[in-house]
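The structure appears right after this line, and notes come after that.
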Number of protein chains: 2
Amino acid sequence: MRIGELADRVGVSTRTLRHYESLGLLPGRRGSNGYRVYDDADVRAVREIRMLVGLGFALEETRPFVDCLRAGHERAGSCPDSLAVLRRKIAEVDESVDRLRRVRAELGDQLVEATHARCEFSLFSP
Amino acid sequence: MRIGELADRVGVSTRTLRHYESLGLLPGRRGSNGYRVYDDADVRAVREIRMLVGLGFALEETRPFVDCLRAGHERAGSCPDSLAVLRRKIAEVDESVDRLRRVRAELGDQLVEATHARCEFSLFSP
DNA sequence: CTAGACCTTGACGCCGACGTCAACGCCAGC
DNA sequence: GCTGGCGTTGACGTCGGCGTCAAGGTCTAG
């Protein structure tokens, strides 16, 4: 299949696919006319990338997963490098959640204080 | 005071302060020599900005708070526009936390599945 | 008088993940 | 043969929040 069909099948732009190729995430196979040629393995690779990106992975972080697939493994996350990235990402997400919860608490306090300020203001300056 | 002293007092670079001025967050008052001149109100404004940025606000989102201070209010969050941004930000953070918790769960599943895949692999291909 | 520590404006660089445009090649159907 | 719809490369634009020069002006201490 050519680039337009792959793009349609996974729901991304052709520009995106060319970008992935420029990063080495997709192969640069060409037909006799110079057009890029893709197969079902590439569809899987791009779906894997999009899934991971949707979970907050940077493109570079998806590389071990793509490589794992390309090495013939059934599951992209089953290779050591993928597992390492996966664990690191989980730790990052845990940290982000903790931080955001603290931020949330802080913002809640700010809102309460600001609201109090407005009440007092309205009491003394009606 | 001049820009260097303000920068030192709040712990940011002079470039940052000029950037804030270019956004209209800081005034462009000048002395007779063309140097920027700041006072204690500006120190407060920049501290407010940095606090909010530290909580995840974009610079544009700090504008209502800065304006509120400049309007003479004691608390930067006590003006209607500030309160609106504050509430919106709280909603955003709540959404982010929810989303990240789902992502966290999804990543945990992925890790479990990938680990299983490795175990089976090691069982059948020692 | 001069060094050097401050200040000024202007402009380009960076990061990530592409969007968008230009200018062209290839191929099918009419 | 010509139009239209695919494909190609190259390169610049976007967004945010500044960093980092470069080329100068200003002020103060020695």
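By convention in this document, chain letters (A, B, ...) are assigned in the order of the sequence lines, proteins followed by strands, and residues within each chain are numbered from 1. Side-chain atoms are counted along with the backbone in the values below, which use heavy atoms only and exclude waters and symmetry mates.
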First and last nucleotide of DNA chain C, 5' to 3', lying under 4.0 Å from heavy atoms of chain A:
C:dA17 to C:dC27
A:Arg2 has an atom CZ; how far is it from atom C1' of D:dT8, in whole Å?
12 Å
End axis versus end axis in the helix from C:dC1-D:dG30 to C:dC30-D:dG1, the angle rounded to 10°, five pairs used at each terminus
30°
Pairs satisfying disulfide bond (SG atoms under 2.5 Å apart), at least one member in residues 20-67 of chain A, at least two apart
none
How would you list all residue pairs meeting disulfide bond (SG atoms under 2.5 Å apart) that involve residues 42-76 of chain B, not counting sequence neighbours?
B:Cys68-B:Cys79
Does some side-chain heavy atom of B:Leu69 sit less than 4.5 Å from a side-chain heavy atom of B:Arg75?
no
Side chains of A:Arg36 and A:Glu21: does their closest heavy-atom pair fall under 4.5 Å?
yes
Applying side chain to side chain contact (heavy atoms under 4.5 Å, CB included) to A:Asp8 and not counting sequence neighbours gives none
Residues 80-88 of chain B, side-chain donor-acceptor partners within the protein, below 3.5 Å, at least two apart:
residue, atom, partner, partner atom, Å
B:Ser82, OG, B:Pro64, O, 3.3
B:Ser82, OG, B:Ala76, O, 2.9
B:Arg88, NH1, B:Glu92, OE2, 2.8

Can any side-chain N or O of B:Glu113 pair as donor or acceptor with the backbone N or O of B:Gln110 at less than 3.5 Å?
no
Name all pairs fulfilling the salt bridge (charged side-chain N to carboxylate O under 4.0 Å, His left out) condition that reach into residues 47-59 of chain A, sequence neighbours left out, sorted by first residue then second.
none
Pairs involving residues 97-112 of chain B, ordered by first then second residue, that meet salt bridge (charged side-chain N to carboxylate O under 4.0 Å, His left out) (sequence neighbours left out)
A:Asp94-B:Arg104
Any salt bridge linking [X] with [Y]? Criterion: basic side-chain nitrogen under 4.0 Å from a carboxylate oxygen.
X	Y	value
B:Arg63	B:Glu60	yes
A:Asp40	A:Arg9	yes
B:Arg44	B:Glu74	yes
A:Glu5	A:Arg2	no

Of [range], the positions that come close to DNA chain D - non-hydrogen atoms, cut-off under 4.0 Å:
range	value
residues 49-61 of chain B	B:Arg50, B:Ala58, B:Leu59
residues 8-24 of chain A	A:Arg15, A:Arg18
residues 34-45 of chain A	A:Gly34, A:Tyr35, A:Arg36

How long is the span from the CD atom in B:Glu95 to the CD1 atom in B:Ile90, to the nearest 0.5 Å?
13.0 Å
By the rule that ILVMFWY residues connect when side-chain heavy atoms come within less than 4.5 angstrom, directly or transitively, which residues belong alongside B:Tyr20?
B:Met1, B:Ile3, B:Leu6, B:Val10, B:Val12, B:Leu17, B:Leu23, B:Leu25, B:Leu26, B:Tyr38, B:Val43, B:Val46, B:Ile49, B:Val53, B:Leu59, B:Val66
Using the closest heavy atom to pick a nucleotide of DNA chain C for each, name whichever of A:Asn33 or B:Glu5 lands nearer the 5' end.
B:Glu5
